[in-house]
There are 2 protein chains.
Amino acid sequence: MSVTAKRKPGKEEQQFLQGYNIHDYDLPLTSVDLVIFTIRDMSLQVLLVKRGDHPFKGEWALPGGFIDVRHDASLEATALRKLKEKTGVSAPYVEQLQGFGSKDRDPRGWSSTFVYFALISSDDVILQHGGGADDVKWFPLMHNKKLPALAFDHADILDVALLRLRSKVEYTSLPAHLLSKEFTLSELQQVYEIVLGRQLDKSSFRKRIKEGDFLAELAGRQRLGSNRPAQLYALRDGKSPAIFSRLMGN
Amino acid sequence: MSVTAKRKPGKEEQQFLQGYNIHDYDLPLTSVDLVIFTIRDMSLQVLLVKRGDHPFKGEWALPGGFIDVRHDASLEATALRKLKEKTGVSAPYVEQLQGFGSKDRDPRGWSSTFVYFALISSDDVILQHGGGADDVKWFPLMHNKKLPALAFDHADILDVALLRLRSKVEYTSLPAHLLSKEFTLSELQQVYEIVLGRQLDKSSFRKRIKEGDFLAELAGRQRLGSNRPAQLYALRDGKSPAIFSRLMGN
DNA sequence: CCAATAGTGTCTTTTAGACAGTATCGG
DNA sequence: CCGATACTGTCTAAAAGACACTATTGG
């Protein structure tokens, strides 16, 4: 799939382009924001930054920022750059959530944002400040615990991201990206249970996973303990999630 | 869910906003494009416009255009405005597909677009030119028939839209929006078959649909013909699609 | 009565869910 | 041997799929 418009402009169009000045038009502000999820302390957590600049200075917000039209080749490049800046993680699972845009979501004017969500293993993270953030912190997403009020419409965005994550967990292999490279089936089941907020039956869970066929058994590698050792697995195909033909039962 | 940032700026922030000028920054071009699907002549079709302006003048493209920051309240408002301009349809099913953005998808510079897809009944459509379009036409999406080359990266966008539509048809009530208000179960099944490109079993299909519980039987209303008359149905809840717990079988 | 499409019923096969049983480690 | 967790098997109940049968109209 080519992202580029592969063609050379004709003579007439060249003239048009020379007369074209981007600053002659009222453009909306356009940014990229990230909802970064991980599992820590047996709960699903999201990364928030405390804004160091106006507007909403001092308030918590989703990490993100403007597109750098000189250096970013694409929206996803912007998202990955931001992710790297905050977490040090460079090869995560990222997927575009959706765009949000309206005249009053930003006091500076008409604003639109492309929101990505990322699933990363907390093992890989080295939190970093900087880039206009006074603080960076993980916040657990428990049904009882409240988050602080968020800047802009970020609370709404987070809601949508959570809905999307929870719904995709029901029929895809997404949660595997919240674990480190190697993991046991029991660990994977635990992640599913944490995100879904309910217990799953071991036998059916394993049947589903094996059918999904997205895991590779790591021959010889086992997780040891004072019990029967557990087989270690890794994701077979790096990025694209497997899709089950039925939803998770219980 | 509030889309607005409900708060008043503090004194310090007011000063910041006064000194803030949107034109001081290099912003990407931001537009909204539409993939409008309908069923005509027993096939899935998409609406394309022939561009009347540069760039890509004279080439076919998805309908769309820039956000009017003075009149459009939100991205969806822009999408609905464009849809109305081209088709006269004002209350369709619309959903955001995803954003596309890169430095080279538009010869005028860094460009990003929010793409929506709309499902409409061809009965409701009155095609209209204008708004920079030289022509507007429906194109059938058959696996064998080729579309003309499209402007920008619109061919890629259309591919993604088709994938999304086809995948959602497998487990949602979306196709119902491609029919007019009243329809029979056989007509609905036909739409599913057209979009999926395969035959479905009548009995299982009807079981699924009845379970989905998104249709209201229109008491007394029937479609007549030289055969047993068929019960008419309408969508129960206007917009949000029903989601099945399993994929369509065959 | 026939052609045509609507709508239902029944049988078979597959799958899910519950739950108990066996396996294998450290100590 | 015991505690703990990994992993597998079996039974039952429910669902899906195939396919045929009945229903109701116009002509």
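These values consider heavy atoms only, across backbone and side chains, with no hydrogens, waters or symmetry-generated copies. Numbers restart at 1 for each chain; the letters A, B, ... are given by sequence-line order, proteins then strands. On a predicted model such as this, the values are computed, not experimentally measured, just so you know.
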Starting at the 5' end of DNA chain C and moving along, which residue's nearest nucleotide shows up first, B:Y233 or A:G225? B:Y233

If only atom types and distance count, is the side chain of B:T87 paired as donor or acceptor with the main-chain N or O of B:V125 below 3.5 Å? no

Euclidean distance, atom CG of residue A:L215 to atom P of D:dC7 [Å, nearest integer]: 12 Å

Any donor-acceptor pair under 3.5 Å linking the side chain of B:S122 with the backbone of B:T38? no

Need to verify one output field. Residue with the more 5' nearest nucleotide on DNA chain C, A:Q222 or B:S186? B:S186

A:Q199 has an atom CD; how far is it from atom P of C:dG17, in whole Å? 15 Å

Rounded to whole angstroms, how far apart are CG on B:L200 and P on D:dA18? 10 Å

Among D:dT8, C:dT24, D:dT24, which nucleotide has an atom closest to any side-chain atom of B:R228? D:dT24

Sort out for me which residue in A:L178, A:L80, A:I36 forms a side chain to side chain contact (heavy atoms under 4.5 Å, CB included) with A:P92. A:L80

May I have the distance from A:L247 (atom CG) to D:dA16 (atom P), rounded to whole angstrom? 12 Å

I want to check one thing: is the phosphate of D:dT8, taken as OP1 and OP2, less than 4.0 Å away from some side-chain N or O of A:S203? no

Rounded interatomic separation in angstrom, taking CZ from B:R206 and P from D:dG17: 17 Å

When you get a sec, tell me which of C:dG17, D:dT8, D:dA6 is the closest nucleotide to the side chain of A:K210? D:dT8

Test item: side-chain donor near acceptor, A:S180 and A:E182, under 3.5 Å: no

Would you classify B:R208 as touching base, sugar-phosphate or nothing, given that sugar-phosphate means primed atoms plus P, OP1 and OP2, and contacts are heavy atoms under 4.0 Å? nothing

So does B:R246 get a side-chain nitrogen or oxygen closer than 4.0 Å to the phosphate oxygens (OP1/OP2) of D:dA15? no

Minimum-distance nucleotide to A:K207 side chain [options: D:dT10, D:dC19, D:dC7]: D:dT10

Whole-Å distance separating the CE atom of A:M248 from the P atom of C:dA18: 14 Å

Electrostatic pair A:E170-A:R166, nearest N-O below 4.0 angstrom: no

Nucleotide C:dA4, atom C1' - distance to NZ of B:K202 in whole Å: 11 Å

Can you figure out which of C:dT8, D:dC7, D:dT5 approaches the side chain of A:N227 most closely? D:dT5

Quick check on D:dG27: is either OP1 or OP2 less than 4.0 Å from any side-chain nitrogen or oxygen of B:S226? no

Spacing between B:L224 atom CG and C:dA6 atom C1', to the nearest angstrom: 12 Å

